[in-house]
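Reading through the structure tokens given below for one structure.
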Amino acid sequence: MQLGAEIHDSQIEIKKTLQYDVVGKLSAPIIFQISDGKVIITGIKDEAKIKKAILDV
């Protein structure tokens with residue numbers, strides 16, 4: 001995950017199971033990409049967490 005963040009390669013994919021093993025319950029409830037310095041939400045992983053955090057996506 002660190003390598004992917006540092007080389008800025010849009011083709012890198014981190015599978016949900018690996019991400020959970022690394023960051024566990026603290027992971028974001030959304031799937032996102034960063035493009036032109038902006039965060040773009042591309043999917044939702046856990047709607048219950050979004051509702052609990054009162055996020056509007």
Which value, rounded to the nearest 0.5 Å, describes the distance between D46 atom CG and K52 atom NZ? 10.0 Å
Quick one: pull up CD1 in I30 and CD in E47 and give me the separation to the nearest 0.5 Å. 12.5 Å
Across all chains, not counting sequence neighbours, the side-chain contact (heavy atoms from CB on, under 4.5 Å) partners of T42 are I31, Q33, I40
Does any N or O in the side chain of D36 come within less than 3.5 Å of the main-chain N or O of K38, such that one atom is a donor and the other an acceptor? no
